[in-house]
Amino acid sequence: MKRNYGLTMRGIIKNNNGEILILKRHPKSRTDPDTWELPGGKVEGGEFFDDALVREIKEETNLDCEVGDFATAIQHDYPYKRTVQMIMYLDNIEGEFKISNEHTDGKYASIDEIKTLKLSGCLEKVLKEKKVL
């Protein structure tokens, strides 16, 4: 069975303590339910990837941001689709943090705390590649 590729954008948002914003996926999510991930989502057809990231961050966190530097990219496959996930640093974060109904929790966490959580397949893969896990 052929599985098409999709592009997913993820953002790294840090607070003043250097902690990273992570979100917990809904238990009824089709992919990686009840796991922690970086905020972001799919790029829609015809959409620029940086616009998609800004849109997804607003939808998922209620925060406004600007796309900063490239962090990393990774291929992560699911049974029904293949994805390339690009992870970007986000700058000039403004607004009041509020999670969407796609997630059940959200928080800023240190890398040490993140390593103890049940992570999405993509985030776990990225941290292993970066030799954090």
Side-chain angles (χ1 to χ4, degrees):
M1 176 176 105
K2 182 181 180 213
R3 294 177 294 163
N4 293 327
Y5 273 99
L7 176 59
T8 300
M9 299 299 300
R10 301 271 173 214
I12 297 173
I13 299 172
K14 291 186 177 182
N15 66 12
N16 292 335
N17 298 325
E19 297 168 316
I20 298 168
L21 180 62
I22 54 174
L23 305 175
K24 189 171 186 183
R25 295 184 65 84
H26 197 279
K28 293 183 180 179
S29 175
R30 185 174 181 194
T31 54
D32 294 326
D34 275 329
T35 60
W36 291 88
E37 68 179 356
L38 294 171
K42 299 179 205 86
V43 177
E44 303 295 335
E47 188 176 32
F48 289 106
F49 71 82
D50 52 342
D51 291 339
L53 182 54
V54 169
R55 174 184 53 76
E56 285 284 349
I57 295 300
K58 183 67 173 181
E59 289 174 5
E60 292 185 351
T61 68
N62 194 46
L63 297 173
D64 295 304
C65 64
E66 293 177 7
V67 176
D69 290 335
F70 171 80
T72 192
I74 197 157
Q75 179 176 326
H76 187 70
D77 297 340
Y78 299 96
Y80 58 92
K81 70 177 177 180
R82 306 174 89 183
T83 66
V84 171
Q85 301 206 15
M86 279 194 357
I87 301 169
M88 307 291 291
Y89 291 101
L90 298 176
D91 298 326
N92 301 321
I93 312 302
E94 294 182 354
E96 184 178 332
F97 172 63
K98 179 181 170 190
I99 60 171
S100 71
N101 60 4
E102 291 179 50
H103 298 91
T104 58
D105 199 1
K107 63 181 175 179
Y108 286 92
S110 68
I111 289 293
D112 287 338
E113 181 181 358
I114 290 171
K115 291 191 296 189
T116 68
L117 300 172
K118 181 180 175 187
L119 304 176
S120 69
C122 177
L123 183 53
E124 184 175 349
K125 198 172 188 179
V126 166
L127 293 179
K128 283 181 180 176
E129 184 178 278
K130 296 293 183 183
K131 298 184 178 18
V132 175
L133 287 181

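Any value given below was found using the heavy atoms of this structure, including those in side chains, with hydrogens, waters and symmetry copies removed. Sequence positions, counted from 1, serve as the residue numbers for this chain.
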Which residues pass the side chain to side chain donor-acceptor pair (under 3.5 Å) test with [X], not counting sequence neighbours?
| X | value |
| --- | --- |
| N4 | K2 |
| D64 | K58 |
| T8 | none |

Verify side chain to side chain contact (heavy atoms under 4.5 Å, CB included) between D112 and S110, making sure each step is shown before the conclusion.
CA-CA 5 Å; D112 287 338; S110 68; 3.9 Å; yes

May I ask you to test the [X]-[Y] pair for a side-chain heavy-atom distance under 4.5 Å?
| X | Y | answer |
| --- | --- | --- |
| E113 | K107 | yes |
| T83 | K42 | no |
| I114 | W36 | no |

Side-chain donor-acceptor contacts of residues 90-104 below 3.5 Å, not counting sequence neighbours, with atom names and distances?
from: N92; atom 1: ND2; to: E66; atom 2: OE1; distance (Å): 2.7
from: S100; atom 1: OG; to: E102; atom 2: N; distance (Å): 3.2
from: H103; atom 1: NE2; to: E37; atom 2: OE2; distance (Å): 2.8

Testing the basics here: between [X] and [Y], what is the closest heavy-atom pair and its distance to 0.1 Å?
| X | Y | result |
| --- | --- | --- |
| G18 | K14 | O-CD, 4.1 Å |
| L23 | P39 | CD1-CB, 3.6 Å |
| P33 | P27 | CB-O, 3.3 Å |

Step-by-step salt bridge (Lys or Arg N to Asp or Glu O under 4.0 Å) determination, K125 to E129:
CA-CA 6 Å; K125 198 172 188 179; E129 184 178 278; over 6 Å; no

Counting only heavy atoms from other residues, nucleotides and ligands, does the tally under 6.0 Å from CZ of F48 exceed 12?
no

Do the side chains of [X] and [Y] join up, straight or via other hydrophobic residues, at under 4.5 Å, putting them in one cluster?
| X | Y | result |
| --- | --- | --- |
| I12 | I22 | yes |
| V67 | L21 | yes |
| F70 | I57 | yes |
| L117 | I20 | yes |

Taken in chain and number order and not counting sequence neighbours, the residues that satisfy side-chain contact (heavy atoms from CB on, under 4.5 Å) with V43 are L7, M9, E47, F49, A52

Output for pair (K115 NZ, E124 CD), nearest 0.5 Å, gives 13.0 Å

Could you grab the distance from atom CG of L123 to atom CD1 of I74, nearest 0.5 Å is fine?
9.5 Å

Classify the angle between the aromatic ring planes of Y78 and H76 as parallel (below 30°), tilted (30 to 60°) or perpendicular (above 60°).
perpendicular

Do L53 and M86 pass the side chain to side chain contact (heavy atoms under 4.5 Å, CB included) test, and can you show the C-alpha distance, the side-chain angles, and the key distance before you say yes or no?
CA-CA 10 Å; L53 182 54; M86 279 194 357; over 6 Å; no

Any residue meeting ring-ring contact (aromatic ring centres under 6.0 Å, His included) with Y108, in chain and number order, not counting sequence neighbours:
none

Does the [X] side chain pair with the main chain of [Y], one donor and one acceptor, at a distance under 3.5 Å?
| X | Y | answer |
| --- | --- | --- |
| N15 | N17 | yes |
| R10 | Q85 | no |
| Q75 | R82 | no |

Out of the candidates D32, L38, D34, only one should pair with S120 under the side chain to side chain contact (heavy atoms under 4.5 Å, CB included) rule; please name it.
D32

